[in-house]
J.: 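For reference, the structure I am asking about is given below.
Remember, it's 1-based here, ligands and their atoms both numbered in the order they're listed. Just so it is clear, the values below take in all heavy atoms, side chains as well, and ignore hydrogens, waters and symmetry mates.
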Amino acid sequence: MQLYSTKNKNLRVNLEEAVFKGLPTDGGLYLPLSIPKLDDTFFKNIHSYSLNEIAFYVSQALIGDEIHEKDLKLIIDQAITFDAPIVQVEENIYSLELFHGPSLAFKDFGARFMAALMSYYLNRKNSQPINILVATSGDTGSAVGSGFLNMKNIKVTILYPSKKISNIQEKQLTTLGNNVTALEVEGTFDDCQRMVKQAFLDTELSQKLNLSSANSINISRLIPQSFYYFYAYAQLSQPQKPLIFSVPSGNFGNLCGGLIAKQMGLPVTKFIASTNINDVVPQYLDSGIFTPRASIQTIANAMDVGNPSNFDRLQELYSNDIEQIKNDIVGKIYTDNQIKAAIKSVANRQHGYILDPHGAIAYMGLIDYMVDSSNHSNIKDANGIFLETAHPAKFYTDVENILGRKISIPDSLIDVMQKTKTSINIKANLNALKEFLMH
Ligand SMILES: *Cc1c(COP(=O)(O)O)cnc(C)c1O
């Protein structure tokens, strides 16, 4: 597999290098040099494939002969140990439930695939230990931490914004122990993300430590995020209808996974980029101008991103042609009050479906697009799928307040809540991070 930097098409690396480097040194992002189309036989048979079979075909097409079939199957089976069912919420409206992994959020797909891939490469050549750095707005940290937990030769450092993630999210990432350390940063998620980026560009650090990133900027996080778009399609009973995906977006890694699936031949009519009031991408789709800014806190906190790290990838996937981007992607923006209203109203309908705050945004984006007749889309003749990225119980305080009643909490969450938090407090600057890493 050949990858290039979005800042320089001539800078080429293979998958192994892209996975361990995380970011090219020129400050761009890695993307596959070519995105192959899957053949007709794959799409003809897709409805009989399991999630792991789909994952195999998709990743094999992308990765090619860099990893042997047999090893790729093992990597997939190590990473994807849970299902991603579509659940009907209303007529022609489905929730693609991506929260059945260990951290109860969709980031388990990317994090576990990356962990399995890295450990495959490390074991193959007995290389020196690596340090994984990861900034989290809530869900990445626990997914990465649990994905790498107890893996030999790998140390994981998680940076999270103090007091800006939910109680459960904090417990999930500060109670893992062993090779996983949580740094509690006095700042925002954007500060954490900036510190990680700076650490990679710091020559002293990169000379002394074998650093690697685990954020959604890592290409190995992106690849598995295309699998479940195919799998959602595979589960539809009337797949011939126009297909619309609504993606609750923050750093836009999840949406980029969908764009790759489309380029590989998945017949997607439209993507809805649904955001909270951190709406720089919907604003860009509207005005053509991208203006990153500081993030604002919302109840869909995993999407509180003011400078989406995958934005260059999104543009590059369309050769920077905004007209083409607008043709495929529609932006929708929602406030906390709208999120609350949606959670309440959907729970009180026929199917009694309980949304989490992130999924609620995607649900609204989907419905608002599908009922708008100016889109030439008729809700009766389409399949609308919104990505439900977290289990509602991860946000039970908010969700229970909104519904005015208790919701059921999975046993794994009850267990983690009873554990004691262990974190190290640091200031929001590179020196503080270096101080920790070098000692
Ligand atoms: C990370 C996250 C998102 C946003 O995904 P991006 O790939 O950053 O756009 C949405 N919902 C949940 C629950 C998340 O954890």
J.: Which is it for Ile158 and Thr181 under the side chain to side chain contact (heavy atoms under 4.5 Å, CB included) test, yes or no, and what are the steps along the way?
T.: CA-CA 6 Å; Ile158 302 169; Thr181 306; over 6 Å; no
J.: Would you say Phe99 contacts ligand 1, with heavy atoms under 4.0 Å as the rule?
T.: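 No heavy atom of Phe99 comes that close to ligand 1.
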J.: Would you please classify the geometry between the Phe311 ring and the Phe290 ring as parallel, tilted or perpendicular, with 30° and 60° separating the classes?
T.: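 Phe290 vs Phe311 ring planes: parallel.
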J.: Would you mind running through ligand 1 and noting each atom that sits below 4.0 Å from a heavy atom of Asn254?
T.: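 In order of number, 7 (O).
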J.: How long is the span from the OG atom in Ser212 to the CG atom in Asn131, to the nearest 0.5 Å?
T.: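 Taking OG in Ser212 and CG in Asn131, the distance rounds to 9.5 Å.
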J.: Of all the atoms in ligand 1, which lie at a distance below 4.0 Å from a heavy atom belonging to Gly253?
T.: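 Near Gly253, meaning under 4.0 Å from one of its heavy atoms, ligand 1 has 6 (P), 7 (O), 9 (O).
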J.: Within the 4.0 Å heavy-atom shell around Lys107, which atoms of ligand 1 are there?
T.: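 Answer, ordered by atom number: 1 (C), 2 (C), 3 (C), 14 (C), 15 (O).
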J.: In terms of atom number and element, which parts of ligand 1 are under 4.0 angstrom from non-hydrogen atoms of Thr389?
T.: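 Answer, ordered by atom number: 10 (C), 11 (N), 12 (C), 13 (C).
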J.: Which of the atoms of ligand 1 are close to Ala390, meaning less than 4.0 Å from one of its heavy atoms?
T.: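 Numbered from 1, ligand 1 contributes 13 (C).
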J.: How far does CD1 of Ile76 sit from OH of Tyr57, to the nearest 0.5 angstrom?
T.: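 The OH atom of Tyr57 is 11.0 Å from CD1 of Ile76, to the nearest 0.5 Å.
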J.: Any nitrogen or oxygen of Ala302, side chain or backbone, less than 3.5 Å from one on ligand 1?
T.: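 Among all N and O atoms of Ala302, none is under 3.5 Å from an N or O of ligand 1.
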J.: If you take the centroid of each ring, where Trp contributes its six-membered ring, are Phe82 and His100 closer together than 6.0 Å?
T.: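 Aromatic pair excluded; centres sit 6.0 Å or further apart.
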J.: Can you find an N or O of Asn251 that's nearer than 3.5 Å to an N or O of ligand 1?
T.: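 Yes, Asn251 has an N/O under 3.5 Å of an N/O on ligand 1.
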J.: Which atoms from ligand 1 have a heavy atom of His358 less than 4.0 Å away?
T.: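 Once the distances to His358 are compared, the set is 11 (N), 12 (C), 13 (C).
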J.: Take the angle between the ring planes of Tyr229 and Phe245 and call it parallel below 30°, perpendicular above 60°, tilted in between.
T.: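 Answer is perpendicular, since the angle exceeds 60°.
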J.: Would you mind listing which atoms of ligand 1 come within a distance below 4.0 Å of any non-hydrogen atom of Phe106?
T.: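 Those qualifying, in numeric order: 1 (C), 2 (C), 3 (C), 5 (O), 7 (O), 14 (C).
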J.: Could you tell me which non-hydrogen atom of Thr389 sits nearest to which non-hydrogen atom of Gly359, and how far apart they are?
T.: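 That closest heavy-atom pairing would be OG1-N, 4.4 Å.
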